Amino acid sequence: MTKDDSKNEALMPYQLPFPKDALEEIVVANAIPEDERIWVPQAENVCFRPLCLNRSQGYWVNLLRVRKSGVLSRHRHPQPVHGFVLKGRWHYLEHDWTAAEGGYVFEPPGETHTLVVPEDVEEMITLFQVNGVMCYVDPWGKVTGYEDVFTKIDLCRKHYTEVGLGEGFVDQFIR
Ligand code: FE
């Protein structure tokens, strides 16, 4: 093989078909959407934007947007969460650190926390990958409700129907 040949091969795309059972990729051009209808309300001043609703493995990736003094209710994670802050700043009532724009957070299984956005932050947006289930709890850990990839999908279908995008709008994010 000449030097030229190996240079050419470095730029040669993979030549074989992908596994026939592989799922289709998801590419979201405007992950932070301008169309307000894409944000799904979930509590006062709190909404999310689905990116990947993985029903086959039981996790979801979304952008969480919280505006002015919004609170994401106390909840427990039996499985890990990864977060990357795209905008603004927030903290948990249970920890003394603050997550700010450009920061990454790993939340280990066993975390119970309450997400609050301080008064002086107009808006925060964070990408979260949440695995399994979020159990909403009272201050002593008694479970009061839950969310999983299926409740997320249901919320999306209901909201997208109401705003006229149609319940099928969510399908592009489901794998
Ligand atoms: Fe959480």
Side-chain angles (χ1 to χ4, degrees), residues 26 28 30-33 36-160 162-163 169-175:
I26 298 174
V28 179
N30 293 303
I32 301 178
E36 187 58 29
R37 297 177 301 171
I38 292 171
W39 292 99
V40 182
Q42 70 172 63
E44 203 188 334
N45 293 332
V46 181
C47 49
F48 72 94
R49 183 263 201 269
L51 292 170
C52 178
L53 300 163
N54 200 301
R55 69 176 175 187
S56 54
Q57 290 185 59
Y59 70 83
W60 66 99
V61 179
N62 65 10
L63 300 185
L64 183 74
R65 186 183 77 186
V66 181
R67 287 187 164 154
K68 256 206 155 352
S69 314
V71 173
L72 181 63
S73 310
R74 185 187 319 101
H75 56 270
R76 180 181 175 118
H77 291 281
Q79 290 185 280
V81 174
H82 301 271
F84 184 76
V85 187
L86 299 170
K87 186 179 179 190
R89 186 159 41 84
W90 52 268
H91 65 276
Y92 289 128
L93 296 182
E94 295 78 6
H95 290 293
D96 57 9
W97 46 262
T98 293
E101 186 170 322
Y104 163 78
V105 176
F106 166 67
E107 305 173 2
E111 269 281 309
T112 299
H113 51 222
T114 316
L115 188 156
V116 294
V117 173
E119 196 86 24
D120 64 323
V121 174
E122 284 294 323
E123 176 179 277
M124 84 78 168
I125 298 176
T126 299
L127 181 138
F128 279 113
Q129 189 222 337
V130 184
N131 295 285
V133 65
M134 290 170 62
C135 301
Y136 291 97
V137 294
D138 75 7
W140 296 276
K142 188 172 185 292
V143 177
T144 57
Y146 74 93
E147 283 194 285
D148 63 13
V149 68
F150 301 105
T151 64
K152 284 288 176 196
I153 291 171
D154 285 349
L155 269 175
C156 289
R157 287 203 196 287
K158 186 166 174 288
H159 172 73
Y160 291 143
E162 282 166 13
V163 297
F169 185 77
V170 72
D171 293 343
Q172 62 189 298
F173 307 116
I174 298 176
R175 289 294 182 276

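Order of listing sets the numbers, starting from 1, for every ligand and every atom in it. These numbers come from a predicted model, not from an experiment.
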Check your understanding: Mind checking what makes ring pair (Phe, Tyr, Trp, His ring centres under 6.0 Å) contact with Trp90, not counting sequence neighbours?
Key ->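 Ring pair (Phe, Tyr, Trp, His ring centres under 6.0 Å) list for Trp90, sorted by chain: Tyr92, Phe128.
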Practice item. Mind checking the NE2-CG spacing from His159 to Asp154? Nearest 0.5 Å is all I need. Key: 14.5 Å
**Study point:** Aromatic ring pairing His95/Trp97, orientation class (parallel under 30°, perpendicular over 60°, tilted between)
**Key:** parallel
Revision key, fill the gap. At a cut-off of 2.8 Å, protein N/O/S around the Fe ion (ligand 1) gives His75 NE2, His77 NE2, His113 NE2
Exercise for review: Can you sort out the partners of Arg74 under side-chain hydrogen bond (donor to acceptor under 3.5 Å, both in side chains), two or more places apart, ordered by chain and number?
Suggested key: none
Exercise for review: Sequence neighbours left out, what passes salt bridge (charged side-chain N to carboxylate O under 4.0 Å, His left out) with Glu147? Give chain and number order.
Suggested key: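 With neighbours one apart ignored, the set is Lys152.
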Review point. Is there a side-chain contact between His77 and Val130, using heavy atoms and a 4.5 Å cut-off?
Key: yes
